[in-house]
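Just the heavy atoms: all of them, side chains too, but no hydrogens, waters or symmetry mates, feed the values below. Starting from 1, each residue takes its place in the sequence as its number.
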Amino acid sequence: MRTNATSRVLRDPKGGSFRFDAGAVCLDFAHTGGEGRFAVFETLHAPTDLADWLAQPPLAAVMTVPVTAGELATAKALRQAIWDAAHARAADRPVTAEAIATINRAAAAASLIPELATDGTTTGWAPPVRATQALATLAREMIELLSGPLAGRIRECASDDCPLVFVDSSRPGARRWCAMERCGNRHKLRALRARRATDT
């Protein structure tokens, strides 16, 4: 699986954007929208939106078969399961049986098949490339994450009002923020204002 390098630009509905490295493509996928209060962040409105997202690096799965409405619904169910499982692990809670079942169900489908290009040095995905295969690849990555050595490194951003989750793959395991340019800088600014207020 070649889904280890990751970085996406996330956009706030109120304006602004920032680059976020979740550390795993399956966690990137978990941040494409959501339910309830997270519905304002939805980016997968139509099957073509899902196709566009899957086609982006590092997954780079360009669909050769059009994405269906049913696959979009499956994708959103998997996304919610990954989100729930990641937050449970970050909070040191058991992953729910529902999330486990959804991830396992998606992983049971045939995954993307890597194919060596004619130059003998680059790879792509062997056709036909279907959304179900890409979702299976993401689900399997999540299974590896939850059961592997980095399971204890799944974190939620330390900001009180930021629910983003990521894999802390730094050597000291000291990453606290979704992104320094966003929540990290906000925290430093609040701390600076608090110190100034105390000095005054």
Side-chain angles (χ1 to χ4, degrees), residues 1-63 65-90 95-96 98-100 102-107 109 111-112 125 129-146 154-157 159 161-167 177-179 181-183:
M1 188 182 304
R2 51 175 195 174
T3 56
N4 48 0
T6 174
S7 182
R8 299 272 181 159
V9 174
L10 297 187
R11 291 176 173 78
D12 191 311
K14 298 177 182 177
S17 63
F18 67 99
R19 185 161 289 279
F20 172 55
D21 182 2
V25 182
C26 56
L27 295 187
D28 278 330
F29 186 61
H31 296 99
T32 60
E35 302 173 358
R37 66 190 179 100
F38 299 115
V40 294
F41 299 101
E42 186 61 70
T43 60
L44 306 180
H45 302 285
T48 52
D49 295 327
L50 177 59
D52 290 343
W53 193 92
L54 295 172
Q56 295 178 41
L59 192 60
V62 178
M63 299 294 105
V65 179
V67 179
T68 67
E71 287 172 326
L72 178 60
T74 298
K76 290 184 177 182
L78 175 62
R79 178 181 68 186
Q80 188 63 44
I82 292 172
W83 174 271
D84 292 343
H87 279 272
R89 192 65 189 85
V95 179
T96 66
E98 180 182 4
I100 291 172
T102 300
I103 293 169
N104 284 340
R105 188 163 50 249
S111 63
L112 294 169
W125 300 116
V129 180
R130 297 182 172 89
T132 302
Q133 292 173 286
L135 296 176
T137 298
L138 294 176
R140 293 180 189 191
E141 184 191 35
M142 188 60 181
I143 289 173
E144 291 173 5
L145 180 59
L146 290 170
I154 299 175
R155 310 260 195 264
E156 183 176 337
C157 181
S159 177
D161 58 352
C162 179
L164 299 183
V165 284
F166 55 86
V167 181
W177 314 107
C178 59
E181 67 182 273
R182 184 175 183 256
C183 290

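- Within 6.0 Å of the CD atom in Q56, the count of heavy atoms belonging to other residues, nucleotides or ligands exceeds 12.
- When all heavy atoms are compared, the tightest approach of D21 to F166 is O-CB, 4.0 Å.
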Please evaluate residues L27 and I82 with respect to the criterion side chain to side chain contact (heavy atoms under 4.5 Å, CB included), reporting the C-alpha separation (whole Å), side-chain torsions for both, the decisive distance (0.1 Å), and the verdict.
CA-CA 7 Å; L27 295 187; I82 292 172; 4.0 Å; yes

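- To the nearest 0.5 angstrom, N104 atom CG is 5.0 Å from I143 atom CD1.
- Summarising the geometry of S111 relative to R140, their closest heavy-atom pair is OG-NH1, 3.2 Å, with the distance given to 0.1 Å.
- Here the straight-line distance linking atom NZ of K76 with atom CG of L44 works out to 6.5 Å at 0.5 Å rounding.
- With a 4.5 Å cut-off on side-chain heavy atoms, C162 and W177 do not count as touching.
- Closest of all the heavy-atom pairs between A139 and L78 is CB-CD1, 4.1 Å.
- Atoms CG and CZ, from L164 and F20 in turn, are 5.0 Å apart once rounded to the nearest 0.5 Å.
- Remark: the backbone N or O of C26 is paired with a side-chain donor or acceptor of E141 at under 3.5 angstrom.
- Scanning both residues, A30 and R79, for their nearest heavy atoms gives CA-CG, 3.7 Å.
- L145 CG to I154 CD1: the interatomic distance, rounded to the nearest 0.5 Å, is 4.0 Å.
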Evaluate L146 against I100 for side chain to side chain contact (heavy atoms under 4.5 Å, CB included), listing each step before the verdict.
CA-CA 10 Å; L146 290 170; I100 291 172; over 6 Å; no

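- Taking CZ from R155 and NE2 from H87, the interatomic distance works out to 14.0 Å, rounded to the nearest 0.5 Å.
- Nearest approach of A60 to W125, heavy atoms of both residues: O-CD1, 3.4 Å.
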Check the pair L72, H45 against side chain to side chain contact (heavy atoms under 4.5 Å, CB included), reporting the backbone distance first and the verdict last.
CA-CA 9 Å; L72 178 60; H45 302 285; over 6 Å; no

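- For the atom pair CG of L50 and CG of L135, the computed distance is 6.0 Å after rounding to the nearest 0.5 Å.
- When every heavy atom of E71 is checked against every heavy atom of T132, the shortest pair comes out as OE2-OG1, 3.0 Å.
- Contacts of E35 classified as side chain to side chain donor-acceptor pair (under 3.5 Å), with partners at least two apart in sequence or in another chain: none.
- Taking the side chain as every heavy atom from C-beta outward, L112 and L59 approach each other to under 4.5 Å.
- A donor-acceptor pair is defined here as one N or O able to donate and one able to accept, closer than 3.5 Å; no such pair exists between the side chain of H31 and the backbone of F41.
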Where do V25 and L138 land on the side chain to side chain contact (heavy atoms under 4.5 Å, CB included) test, with the steps shown first?
CA-CA 7 Å; V25 182; L138 294 176; 3.6 Å; yes

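- Between the side chains of Q80 and D84, at least one donor N or O lies within less than 3.5 Å of an accepting N or O.
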